[in-house]
Number of protein chains: 2
Amino acid sequence: MAEESIIISVPKDMPVKRPREGEEVPVVLEDVNEKDAEYSISSVIPGWFSEISPMWPGEAHSLKVEKVLFQGKSDYQNVMVFQSSTYGKVLVLDGVIQLTERDECAYQEMITHLPLCSIPNPKKVLVIGGGDGGVLREVARHPTVEQIDICEIDKMVVDVSKQFFPDVAVGYEDPRVNLHIGDGVAFLKAVPEGTYDAVIVDSSDPIGPAQELFEKPFFQSVAKALRPGGVVCTQAESIWLHMHIIEDIVANCRHIFKGSVNYAWTTVPTYPSGVIGFMLCSTEGTAVDFKHPVNPIDDSKSDRPLKFYNSEIHEAAFCLPSFAKKVIEGKAK
Amino acid sequence: MAEESIIISVPKDMPVKRPREGEEVPVVLEDVNEKDAEYSISSVIPGWFSEISPMWPGEAHSLKVEKVLFQGKSDYQNVMVFQSSTYGKVLVLDGVIQLTERDECAYQEMITHLPLCSIPNPKKVLVIGGGDGGVLREVARHPTVEQIDICEIDKMVVDVSKQFFPDVAVGYEDPRVNLHIGDGVAFLKAVPEGTYDAVIVDSSDPIGPAQELFEKPFFQSVAKALRPGGVVCTQAESIWLHMHIIEDIVANCRHIFKGSVNYAWTTVPTYPSGVIGFMLCSTEGTAVDFKHPVNPIDDSKSDRPLKFYNSEIHEAAFCLPSFAKKVIEGKAK
């Protein structure tokens with residue numbers, strides 16, 4: 001196709017990431033400082049943050065940036081925080097939106113209460129990942145919980161969250177929380193058998209530091225760390241985008257978790273395709289019927305009432321569109 | 001903020017729409033042919049289609065464009081069809097995505113079967129809007145239906161759909177379909193009282209030609225055109241973006257529909273925020289319990305089985321997150 005040049009204006013303090021090798025990004029950027037560009041906004045709309053990834057080729061979601069508040073490179077990933085025009089503050093890891101103040105409630109409440117409301121009296125809970133603290137905030141709503149362990153690999157995520165997302169990182173203030181900075185895979189291996197009532201795996205996508213959290217050996221460690229009839233909930237991608245990944249995760253889980261294996265999903269506008277899923281499994285022991293929660297939350301006296309989760313939306317989360325049902329539940333036969 | 005200029009390359013055959021007055025678009029485009037620019041791709045990422053609207057400020061969803069297949073201006077709106085990289089062909093009206101081949105199933109199946117599966121033996125159905133034919137395709141699955149009237153204001157939408165979206169426009173091939181090109185508001189006023197079992201309002205957003213379809217007089221005409229205990233389903237925006245619009249629609253509907261008034265929602269990745277909602281109301285008469293479908297579809301012998309809808313997802317669609325429940329169902333008290 002014939003091409004012509006167009007001048008666009010880009011704020012000086014907003015560097016633009018160059019595409020990685022093999023990544024298709026249609027904008028040719030000139031005159032950008034190479035060093036700055038490497039670790040910063042993967043923006044194809046100047047003044048906007050655009051999320052482009054080989055995980056969801058051909059589409060991009062963009063948020064208008066008011067101000068970049070933090071940019072850093074940890075030992076594991078690029079970490080960025082910006083103030084958006086209409087979604088509040090936004091946390092980005094390796095160019096992928098992890099949370100926005102406007103819609104984080106949906107993800108945090110669902111990944112936490114889907115498992116914890118499915119068992120009576122959860123006492124010991126382990127969170128893998130989730131360094132922003134939002135899952136901790138939600139676990140802390142459960143009065144029966146006595147111990148909340150969290151293992152996050154990247155201290156920068158914890159520090160940045162405490163600095164910029166106080167309403168999320170508030171989870172760390174609960175006295176039941178024990179923070180471990182380290183590799184979740186190694187942490188789990190060292191856990192005595194049958195320790196936890198519930199494990200929540202709040203990971204990023206299976207490209208980058210979270211890769212192992214989608215593999216079989218990891219699920220085996222989780223199963224071992226759970227008491228009989230204990231439950232796990234792991235972030236499990238989008239039915240619209242990653243059916244092949246989900247199919248693999250479901251197959252792995254059916255192999256390892258001898259209680260029940262279920263897929264649930266919810267809406268998160270700033271995640272690719274607008275939805276995110278969860279694998280909910282239980283180990284052999286007292287049967288767990290995830291679709292009918294037995295441990296509802298009473299937030300009537302809370303000064304931070306639930307924004308998203310309720311018992312009806314819990315049950316609804318397990319109802320799948322036909323195209324997904326065929327793949328996910330077909331495996332059960 | 002200090003600004004610097006950057007050269008980007010734009011394919012010559014891809015004109016770029018200038019922002020309307022009052023519309024915030026951060027990219028300053030130079031050297032674009034004014035005339036071309038007015039009626040074409042509202043693209044801020046060259047080579048991509050970006051959906052930017054005052055209806056959802058501060059965010060944009062973009063699809064990579066392989067080829068623009070059609071661009072025209074009807075008496076009512078700008079009409080565009082492009083081949084995207086990963087969502088199939090895409091229909092755009094006034095810069096807003098109406099459907100993509102990849103995810104149209106969710107919208108068409110839900111807006112149709114939520115009302116039609118909620119009443120026994122629907123016979124006469126009216127579709128307002130829906131010129132692409134997808135709703136007709138879904139209505140035609142119901143063997144009890146004898147008459148399907150459709151009133152679409154814009155003939156160009158019908159023609160373009162027949163040319164570029166044969167799997168959607170296939171709905172027009174059903175012999176029960178009667179197409180009327182004209183204003184839905186005027187059409188409804190002329191309908192004899194109590195004519196239809198169901199009315200489906202498949203409109204675009206309340207900015208542009210569809211504006212009146214969100215106002216009280218229109219709902220009054222719908223109620224009049226329905227038999228006692230008849231049902232209506234109208235497109236009703238996103239709980240994440242347009243709670244104030246939804247609140248108004250709900251209030252209008254409660255005033256007019258004396259049977260039941262309900263809000264349901266579903267996922268559509270290429271709609272802003274990834275979800276779209278529906279108002280489901282019935283007129284005074286035999287009670288309709290939308291949440292428990294009485295008229296399931298048997299598609300076991302269909303050569304086009306349902307991709308999205310099933311009875312479980314029907315019931316789940318009425319379960320709302322707490323923040324939406326408070327506004328929508330709070331009104332019922």
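Everything quoted here is computed from the prediction, not taken from an experiment. Numbers restart at 1 for each chain; the letters A, B, ... are given by sequence-line order, proteins then strands.
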Sorted by chain and residue number, the salt bridge (Lys or Arg N to Asp or Glu O under 4.0 Å) partners of B:Lys307 (sequence neighbours excluded) come out as none
Heaviest contributor of heavy-atom pairs below 4.5 Å to chain A, chosen from B:Val275, B:Leu306, B:Asp103, is B:Asp103
Can any side-chain N or O of A:Ser322 pair as donor or acceptor with the backbone N or O of B:Tyr309 at less than 3.5 Å? yes
Could you tell me which of B:Ser84, B:Ala106, B:Ser238, B:Ser273 has the largest number of non-hydrogen atom pairs under 4.5 Å with chain A? B:Ser273
Interface moiety of A:Tyr271 toward chain B, non-hydrogen atoms closer than 4.5 Å: neither
So which residue, B:Thr266, B:Ile239, B:Leu320, ends up with the most heavy-atom pairs under 4.5 Å with chain A? B:Leu320
Could you tell me whether a side-chain N or O of A:Asn310 sits under 3.5 Å from a main-chain N or O of B:Cys319, the two making a donor and an acceptor? no
Which value, rounded to the nearest 0.5 Å, describes the distance between B:Ser50 atom OG and A:Trp48 atom CH2? 8.5 Å
Can any side-chain N or O of A:Thr86 pair as donor or acceptor with the backbone N or O of B:Pro57 at less than 3.5 Å? yes
Identify which part of A:Phe308 has an atom lying under 4.5 Å from any heavy atom of chain B, answering side chain, backbone, both or neither. both
Should B:Trp265 and A:Thr267 count as side-chain neighbours, where that means a heavy-atom distance under 4.5 Å? yes
Options A:His314, A:Arg102, A:Glu315, ranked by heavy-atom pairs under 4.5 Å with chain B, top entry: A:Arg102
Would you indicate whether the side-chain heavy atoms of B:Trp240 and A:Val268 approach each other to under 4.5 Å? no
Residue selection (most heavy-atom pairs with chain A, distance under 4.5 Å) from B:Gly274, B:Pro321, B:Ala316: B:Pro321
Could you tell me which of A:Pro305, A:Cys105, A:Pro269 has the largest number of non-hydrogen atom pairs under 4.5 Å with chain B? A:Pro269
Please classify the contact of A:Leu241 with chain B as side chain, backbone, both or neither, using a heavy-atom distance under 4.5 Å. both
One pair to check against side-chain contact (heavy atoms from CB on, under 4.5 Å): B:Lys64 and A:Glu59. What are the steps and the verdict? CA-CA 6 Å; B:Lys64 194 166 190 299; A:Glu59 65 182 308; over 6 Å; no
